[in-house]
A.B. asks: 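Here's a structure for you.
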Amino acid sequence: MIVVAALVLGSFSAALIRIWRGPSGADRMMGAQLFGSSGAATVLVLAAMLEDWSLIDVALVFASLAAVTVVAFVERTERASMPQ
Amino acid sequence: MEGVREALAVGVMVLGALFFVAGSVGMLRFPDVYTRLHALTKADNLGMGLLVFGLSLQAPGWQLVLKLVLIWIFVMIAGAISCHLVAREAYRQGVKPEQGGDL
Amino acid sequence: MIVFDVVLMVTLWVLAVGAVSQADLFKSVVLFVTMGVVVAVAWARLGAADLAMVEVAVGAGITGALFLNTLGHLEQRPGERGEGEDTSHL
């Protein structure tokens with residue numbers, strides 16, 4: 001179980017590097033998305049490790065709000081580049 | 001029987017975490033936006049699915065299993081939507097796919 | 001478990017310092033959103049499930065979307081609105 005947590009945290013830091021270096025905005029957004037899903041995975045593993053199953057609700061909120069920021073990002077660039 | 005279930009759960013969860021790591025490595029190593037998106041979404045869906053499966057084997061009640069499956073479905077929907085949107089946006093902004101050597 | 005906590009704490013510091021010290025506003029917003037996610041994981045680690053839920057919904061979801069919206073309005077310069085395509089940011 002601790003191995004699973006360590007691997008998912010490794011995924012966290014990889015996403016951090018991609019956000020930091022990412023040449024374009026799309027890369028940064030992608031990093032944020034990986035952060036969201038690996039955050040949900042971390043919370044799930046924590047729920048099993050701490051035997052506190054109410055943490056599952058947190059992961060549910062993580063999963064259902066994952067797309068909101070991406071949609072906001074796309075809507076921003078779309079409107080800015082639209083010929084009015 | 002309990003021991004078998006426990007071992008199966010941990011094995012499946014380690015496999016799911018390996019998928020996450022594979023997705024992260026792909027996101028760091030692949031050459032352009034589109035291939036990175038590909039690596040990220042596949043790893044998300046499958047890694048999350050295996051993690052949810054492993055946790056379902058350990059969950060104490062069927063309500064929790066229902067919630068876990070719901071999480072997986074939400075993650076897949078969000079992954080599909082954002083992958084499509086980000087790829088379309090990158091395409092519209094003129095990000096060119098990397099040209100392979102021998103294709 | 002102590003390794004988990006230390007990694008979480010270091011990530012939090014890196015993200016927080018990074019978010020306030022960027023020249024590029026968009027990068028700063030993305031770092032802020034990811035910091036919200038990490039703060040939520042930290043709350044979950046401390047056993048505060050309800051706080052973590054609120055942090056995800058407000059800190060990472062709504063505030064991030066509002067910041068990105070604001071950035072979109074800032075990039076659309078007031079003088080050029082409605083005068084053809086604004087390509088200065090591309």
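Naming: A, B, ... by sequence-line order, numbering from 1 per chain.
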A.B. asks: Relative to chain A, which segment of C:Val41 carries a heavy atom at a distance below 4.5 Å: side chain, backbone, both, or neither?
C.D. replies: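 Both the backbone and the side chain of C:Val41 come within 4.5 Å of chain A.
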A.B. asks: Quick check on C:Leu66 against chain A: is it the side chain, the backbone, both or neither that has a heavy atom closer than 4.5 Å?
C.D. replies: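 Neither part.
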A.B. asks: Given the rule in the salt bridge (charged side-chain N to carboxylate O under 4.0 Å, His left out) test, do C:Arg45 and A:Asp52 qualify, once you have shown the distances and angles that lead to the verdict?
C.D. replies: CA-CA 10 Å; C:Arg45 169 71 185 88; A:Asp52 179 4; over 6 Å; no
A.B. asks: Kindly indicate, with the supporting measurements, whether the criterion side-chain contact (heavy atoms from CB on, under 4.5 Å) is fulfilled by A:Trp20 and C:Val14.
C.D. replies: CA-CA 11 Å; A:Trp20 213 273; C:Val14 170; 4.2 Å; yes
A.B. asks: At what distance, to the nearest 0.5 angstrom, does OG1 of C:Thr34 lie from CG of A:Leu34?
C.D. replies: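 Here the rounded value is 11.0 Å.
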A.B. asks: Decide yes or no for C:Asp24 and A:Arg28: does some side-chain heavy atom of the first lie under 4.5 Å from some side-chain heavy atom of the second?
C.D. replies: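 Contact flag for C:Asp24/A:Arg28 side chains = yes.
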A.B. asks: Need one label for C:Glu55: side chain, backbone, both or neither, based on atoms under 4.5 Å from any heavy atom in chain A.
C.D. replies: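 Neither part; nothing is under 4.5 Å.
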A.B. asks: What are the two closest heavy atoms between C:Phe26 and A:Met29, and how far apart are they?
C.D. replies: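 For C:Phe26 and A:Met29, the tightest heavy-atom pair comes out as CZ-SD, 4.0 Å.
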A.B. asks: Please state whether the side chain, the backbone, both or neither of A:Thr42 comes within less than 4.5 Å of a heavy atom of chain C.
C.D. replies: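 Side chain only.
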A.B. asks: Testing the basics here: between C:Gly61 and A:Thr69, what is the closest heavy-atom pair and its distance to 0.1 Å?
C.D. replies: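 Looking at all heavy atoms of both residues, the closest pair is O-CG2, 3.9 Å.
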A.B. asks: Which heavy atom of A:Leu55 sits nearest to which heavy atom of C:Ala49, and what is that distance?
C.D. replies: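 Of all heavy-atom pairs spanning A:Leu55 and C:Ala49, the closest is CD2-CB, 3.8 Å.
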A.B. asks: C:Ala48 versus chain A, heavy atoms under 4.5 Å apart: side chain, backbone, both or neither?
C.D. replies: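 Neither; nothing under 4.5 Å.
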A.B. asks: Under a 4.5 Å cut-off applied to non-hydrogen side-chain atoms, are C:Phe4 and A:Leu46 in contact?
C.D. replies: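 SC-SC contact between C:Phe4 and A:Leu46 confirmed.
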A.B. asks: Shortest non-hydrogen contact from A:Val43 to C:Ala44?
C.D. replies: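 For A:Val43 and C:Ala44, the tightest heavy-atom pair comes out as CG2-CB, 4.3 Å.
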A.B. asks: Hey, does A:Phe35 have a side-chain heavy atom less than 4.5 Å from the side chain of C:Met35?
C.D. replies: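 SC-SC contact between C:Met35 and A:Phe35 ruled out.
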A.B. asks: Going by the ring-ring contact (aromatic ring centres under 6.0 Å, His included) test, which pairs reach into residues 32-61 of chain C, not counting sequence neighbours?
C.D. replies: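 Counting only pairs at least two positions apart or across chains, the ring-ring contact (aromatic ring centres under 6.0 Å, His included) contacts touching residues 32-61 of chain C are C:Phe32-C:Phe67.
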A.B. asks: Which residues satisfy the side-chain contact (heavy atoms from CB on, under 4.5 Å) test with C:Val56, sequence neighbours excluded?
C.D. replies: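 C:Val56: side-chain contact (heavy atoms from CB on, under 4.5 Å) contacts with A:Val61, A:Phe62, C:Ala40.
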A.B. asks: Which atoms of A:Leu16 come close to chain C, meaning under 4.5 Å heavy atom to heavy atom: side chain ones, backbone ones, both, or neither?
C.D. replies: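 For A:Leu16, the contact with chain C is made by the side chain alone.
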A.B. asks: Please determine, among C:Thr11, C:Val33, C:Val3, C:Leu31, the option with the most heavy-atom pairs under 4.5 Å with chain A.
C.D. replies: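 Top option by heavy-atom pairs under 4.5 Å: C:Leu31.
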A.B. asks: Using non-hydrogen atoms and a 4.5 Å limit, figure out which bit of A:Val58 sits close to chain C: side chain, backbone, both or neither.
C.D. replies: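 It is both, since atoms from each part get that close.
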A.B. asks: Rounded to the nearest 0.5 Å, how far does CG of A:Asp57 lie from CG of C:Asp50?
C.D. replies: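 Reported to 0.5 Å precision, the distance equals 10.0 Å.
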